[in-house]
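What follows is a single structure, written as structure tokens, with notes after it.
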Amino acid sequence: FAPMAKPWKRFVEFANCALETNMSVVTPSLITSGWYEKTKNKASIWTQLFNYFCMHNPQLYTLYLTPKKQRTLAAHWKEKGEHHHKATKGPDFRLAREEDIIFEFSQDLNRYDWGADLVNGTTPDVLELESEEDEDIKGLALCQSPVGKS
């Protein structure tokens, strides 16, 4: 996971505000919403906050790569602790090797919503998000707006 600096800064502002105000960040149809609602330490599931943040900033998206042979670019280490209560078991998936990954990106990537339905429209130009004028990315304002209040 390697976000760009400016949108990430807005996300961190939003996340801090959402956590401080106990804002509801439920994202319909995502299993992570249930996990987030059940946990006592909401900051430990920052991905739910990011899902909600992206849902309200449709120009942002996450690119998921799926290497061959059920391998991964990064693995969770199953170690006894907050998210894994059994004995340490090591990585949850085998790491990908160079030959397992093909980096061939189309200029027109498909975008999907949270329900895995194809989203029509053009893919945002990532370079535009790095410009000085990124006011259209909702951060702190999302937490303080009626949309963000439960």
Side-chain angles (χ1 to χ4, degrees), residues 1-96 100-103 105-106 108-124 126 128-130 134-150:
F1 189 77
M4 294 183 306
K6 289 182 182 176
W8 187 254
K9 181 180 177 195
R10 292 279 171 93
F11 164 66
V12 170
E13 291 170 348
F14 160 74
N16 287 337
C17 177
L19 290 167
E20 287 171 11
T21 61
N22 201 27
M23 176 182 151
S24 173
V25 292
V26 170
T27 309
S29 303
L30 284 185
I31 194 169
T32 54
S33 288
W35 299 340
Y36 184 83
E37 291 296 310
K38 288 178 188 173
T39 189
K40 291 178 181 151
N41 180 8
K42 305 286 191 222
S44 72
I45 306 182
W46 66 268
T47 49
Q48 178 58 31
L49 293 158
F50 191 72
N51 290 340
Y52 185 90
F53 179 75
C54 288
M55 183 175 80
H56 292 283
N57 285 288
Q59 72 276 36
L60 300 177
Y61 55 96
T62 304
L63 181 65
Y64 291 94
L65 297 176
T66 307
K68 297 188 287 184
K69 302 178 187 173
Q70 294 185 329
R71 294 177 182 255
T72 185
L73 297 178
H76 292 276
W77 191 264
K78 288 185 179 179
E79 187 166 328
K80 189 172 183 176
E82 184 173 358
H83 297 296
H84 186 72
H85 304 291
K86 298 177 183 172
T88 299
K89 291 190 175 186
D92 55 358
F93 290 97
R94 295 180 302 159
L95 291 176
D100 298 326
I101 305 166
I102 301 171
F103 289 104
F105 297 107
S106 165
D108 298 312
L109 298 173
N110 288 332
R111 293 185 67 199
Y112 298 90
D113 66 14
W114 298 114
D117 293 320
L118 187 61
V119 174
N120 293 327
T122 59
T123 304
V126 233
E128 288 179 14
L129 293 176
E130 280 296 311
D134 61 354
E135 297 304 317
D136 56 332
I137 298 174
K138 300 175 199 140
L140 198 54
L142 176 60
C143 180
Q144 298 168 341
S145 74
V147 171
K149 301 297 180 190
S150 55

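Predicted model, so just to flag it, every value in this text is computed and none were measured.
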Trace of the side-chain contact (heavy atoms from CB on, under 4.5 Å) decision for Lys42 with Tyr36: CA-CA 6 Å; Lys42 305 286 191 222; Tyr36 184 83; 3.4 Å; yes
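- Separating the OG atom in Ser24 from the OH atom in Tyr52 is a distance of 7.0 Å, to the nearest 0.5 Å.
- For the pair Val25 and Gln48, the tightest heavy-atom approach, listed with the atom from each and the gap, is O-NE2, 2.6 Å.
- Distance check, rounded to the nearest 0.5 Å: OG1 of Thr27 to CG of Asn51 gives 5.5 Å.
- Side-chain atoms of Thr39 do not come within 3.5 Å of backbone N or O of Trp35 as any donor-acceptor pair.
- Taking the six-membered ring where the residue is Trp, Phe11 and Trp8 present tilted rings, their angle falling between 30° and 60°.
- In terms of heavy-atom proximity, Cys143 sits nearest to Ala18 at SG-N, 3.5 Å.
- Shortest non-hydrogen contact noted between Leu60 and Phe53 is CD1-CE2, 3.5 Å.
- Within the model, atoms NZ of Lys9 and NZ of Lys6 stand 9.0 Å from one another, a figure rounded to the nearest 0.5 Å.
- When all heavy atoms of Val26 and Glu37 are compared, the closest pair comes out as CG2-OE2, 3.3 Å.
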